[in-house]
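Structure, as structure tokens:
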Amino acid sequence: MEAEQIEIATFLAQYAPFDAMPEDVVAEVATSIEISYYRAGTDIFAYGDEIHDLAILRSGAVELFRRNGTLYNRISEGDIFGQMGLLMNNRVRMPAKAIEDTLIYFIPEAMFNRLFDDFEHFADFVEVEDRTRLRQAVSSHNEANDLTTSKVKKLIIRDPVMISSTDSVQHAAQVMSQETVSSILVMGDEPDPDTGFKPVLGIITDRDLRNRVLAEGLPYETPVQEIMSPQLITLDHNAYIFEAMLTILRSNLHHVPVLQHGKPIGVVALSDIARYESQNSLFLVASIFRQQSVDDLVILSQQVKDCFVRMVNEDANSHMIGSALSVIGRSFKQRLLELAEEELGEPPVPYCFLAMGSMARDEQLIVTDQDNAIILDDSYEHSQHNAYFEALSKRVSDGLNACGYTYCTGNIMATNPEWRKTLKEWEQCFADWIDNPSPRSLLDSNIFFDLDGVHGRTNWAEQLKAFIGRRARRNNRFLAAMARNALNRTPPLGFFKDFVMEQDGRHNNSINLKRRGTAPLADLIRVHSLAIDSRSQNSFERLDDIIESGILPKGRGPDLRDAMEFISMVRIRHQALDIEAGREPDNNIEPENLSDFERRNLKDAFQILSNAQKFLKFRYQPNRS
């Protein structure tokens, strides 16, 4: 080795994880390193950029930031950074900036991967903090107003349209018409000596053409510089959306150019902010209840995917996303019921419309069907009242299907007369399922043990849940039968802990993260929940009750929570990626599309599920006291 490489190897050997590696390996790493110098205030990594090197801080100081711009950590000599980007699809997750004059050693990705594969100590070291970061990222809860955490560049959907200051107003109008834009930037002719780009001198909008040209009777040959708005107010591309909104409102503007290092990259209009806010879940729910027809609801339902993707991109956790989409689903259901009642008239007897399954648990995602039923007042008479509730159920079910909540293939819908019962009949039905359990009957009825009232006499749903809880607790035969059913869906791990692929045609050689991950987790959590008479509906909230009850071995509850969150977020992120790529989202993922980080941690999560199923089988036995 050359003297410089010896010095690098000596430096590396002082710091983890290289201090535990063989000397010849450290020497080989030293020969692969590239060195870069960064002046104070210089960006090293920008969020979302490609990354193909692990960075080691040789001298100076570096600050790491979360994606919302807040400071995450300040690191010093010998610290590494950039590993999370290498482990997650080669995209920078933590922007980095030099706060002093700084020297960085860069280890190429190929060497990083060799060390990761060959040295467990190295792999553990680079993953441990990343796992913590991932948990922080997916559990961070941005409050309803996401304007404070998103950058204005997210609103830019096209390049700016520009003309010269010497062009005529007629030419400006023609260009705006051709490009279908409501504003155009007026550019200087000579590049700015500092930035190298032509400066933005002003802006012309539709309103300017109307008020300053047509209303004043100016000739079409008038140069645009005579009617443009000069004294331009601009935004930096890293400004937050709330800053854009404040700038627009404070200055009574409708359009603001966005610059990156002095170069215009787009124009943000007040309508862009309104469009962005329409993807907010609270905004969407409020809009649902203002719609006056099923057709209006169908049009509005197209925004659900945008709302879902926005929450994913803003690092909402799975509980937040599941809750938001469940509220949206309930709201569609409630509004459809209101519209149906307006058309059919007042219901002849009181009723409660039920949601079941993932919507009832606040765990609904973007790929879902409808599961619903009706509790009828005990005064219900089939001959007199059936026609009304049959028509009501059909209108709601057809409306939900049109809004993207597809018909249940198992026919667990209120349109099925079997699932329209009086409160007394529902209690008798659950009593029979609980007192006389059989694997087949409970397999068909499993979804009914997650129920929630969404319209009408919703207190009846609470009464029914209380009845179920009292009846199921300490009923060992029932709990054992539910436990057996919960073991039907196993995690996709083979004997050597390799992934076992689905073999079902369209999704051949893939893993169904719902069927083999989140669903069996929800199933086993439900069994424990029934055993302790927990009245919580959401799986995470049920886990809190289960942990508090002390029925699980120490540490198993938090492990289950982490497994549920990780599998859910992998499923959620890949559905969002499908939507952004214009593909139809589903629950299946091919292992080759997983990052190394996801692959390793999914195996851990599936192993936790496997161990939890073994404990479930042990704990709930028919004759166990």
Side-chain angles (χ1 to χ4, degrees), residues 131-132 134-143 311 315-327 330 355-365 446-453 458 461-462 464-475 479 482-483 486 491 514 517-572 601 604-616 618-620:
R131 186 179 296 116
T132 302
L134 178 65
R135 188 171 300 170
Q136 287 176 340
V138 298
S139 65
S140 64
H141 181 170
N142 295 328
E143 296 301 325
M311 286 187 287
D315 285 334
N317 62 31
S318 68
H319 192 173
M320 179 182 175
I321 293 171
S323 296
L325 289 184
S326 297
V327 169
R330 283 192 192 93
M356 287 168 307
S358 60
M359 183 184 288
R361 295 195 309 271
D362 279 345
E363 294 168 19
Q364 193 160 66
L365 296 185
N446 195 41
I447 195 170
F448 289 91
F449 288 91
D450 297 328
L451 62 88
D452 193 35
T458 55
E462 299 307 311
L464 191 54
K465 284 188 280 189
F467 174 86
I468 294 166
R470 292 192 302 269
R471 198 92 177 193
R473 189 177 186 180
R474 299 191 183 91
N475 188 319
L479 294 172
M482 287 288 284
K514 178 182 179 181
T518 56
L521 275 165
D523 288 345
L524 70 87
I525 291 169
R526 183 189 303 109
V527 177
H528 291 311
S529 174
L530 288 166
I532 63 170
D533 191 13
S534 167
R535 301 299 167 85
S536 298
Q537 289 287 102
N538 178 263
S539 292
F540 291 105
E541 293 170 5
R542 285 173 169 175
L543 265 175
D544 289 338
D545 294 341
I546 293 164
I547 292 169
E548 186 177 343
S549 74
I551 65 172
L552 296 180
K554 188 176 181 180
R556 294 285 182 87
D559 283 350
L560 278 171
R561 185 188 292 115
D562 291 344
M564 186 77 164
E565 177 67 12
F566 192 83
I567 297 171
S568 297
M569 286 310 302
V570 172
R571 179 185 169 200
I572 285 167
N601 286 280
D604 289 343
F606 287 139
Q607 189 60 52
I608 289 170
L609 169 57
S610 178
N611 294 339
Q613 287 186 328
K614 292 173 184 174
F615 178 76
L616 193 77
F618 160 77
R619 181 173 179 82
Y620 299 105

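Remember, it's a predicted structure, so these values are computed and weren't measured experimentally. Starting from 1, each residue takes its place in the sequence as its number. What's counted below: heavy atoms across the whole structure, side chains too, no hydrogens, waters or symmetry copies.
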Side-chain contact test, heavy atoms from C-beta onward, threshold under 4.5 Å: evaluate it for Arg361 versus Ile525 and give yes or no. no
What pair of heavy atoms forms the shortest contact from Ala360 to Arg330, and how long is it? O-NH2, 3.8 Å
Do Leu524 and Leu609 have side-chain heavy atoms sitting under 4.5 Å apart? yes
With a 4.5 Å limit on heavy-atom distance, are the side chains of His528 and Leu616 in contact? yes
Determine whether more than 12 heavy atoms belonging to other residues, nucleotides or ligands lie under 6.0 Å from atom NZ of Lys465. yes
Would the distance check show the side chain of Thr518 and the main-chain N or O of Ser568 forming a donor-acceptor pair, the cut-off being under 3.5 Å? no
Look at the side chain of Gln537 and the backbone N and O of Leu451, then say whether any donor-acceptor pair between them is shorter than 3.5 Å. yes
Taking Arg526 first and then Asp523, would you say they form a salt bridge - that is, a charged N and a carboxylate O separated by under 4.0 Å? yes
Could you report the tightest heavy-atom contact between Val527 and Ala486, atom names first, then the distance? CG2-CB, 4.2 Å
Can you find a pair of side-chain heavy atoms, one from Arg571 and one from Ser318, that are under 4.5 Å apart? no
Contact summary for Met564 and Phe540, nearest pair of heavy atoms: CG-CZ, 3.6 Å
With rounding to the nearest 0.5 Å, note down the distance linking CD1 in Ile567 to CD1 in Ile572. 12.0 Å
Side chains of Leu325 and Met311 in contact at under 4.5 Å (non-hydrogen atoms): yes
Between Asp533 and Gly469, which heavy-atom pair has the shortest distance, and what is it? OD1-CA, 3.1 Å
Between CG on residue Asp452 and CG on residue Leu464, distance to nearest 0.5 Å: 11.5 Å
Kindly compute the distance separating CG (Asn538) from CD (Glu363), expressed to the nearest 0.5 Å. 5.0 Å
So, taking the atom named CZ in Arg473 and the one named CD1 in Ile532, what distance separates them when rounded to the nearest 0.5 Å? 8.0 Å
For the CE atom of Met356 and the CG atom of Asn446, what is their distance to the nearest 0.5 Å? 12.0 Å
Do Leu521 and Ser539 have side-chain heavy atoms sitting under 4.5 Å apart? no
Whether the side chain of Ser610 engages the backbone of Gln607 through a donor-acceptor N/O pair (distance < 3.5 Å, no angle test) should be reported. no
So does Asp544 pair up with Arg561, basic N to acidic O under 4.0 Å? yes
Quick one: CG on Leu543 to CD on Glu565, what's the gap to the nearest 0.5 Å? 11.5 Å
Quick one: does any side-chain atom of Ser323 pair with a main-chain N or O of His319 as donor and acceptor, under 3.5 Å? yes
To check you understand the geometry: which heavy-atom pair defines the closest contact between Ser326 and Gln364, and what is its length? OG-N, 3.2 Å
Side-chain heavy atoms of Met482 within contact of Tyr620, under 4.5 Å: no
Nearest heavy-atom approach of Ile546 to Ser529 is CD1-N, 3.9 Å
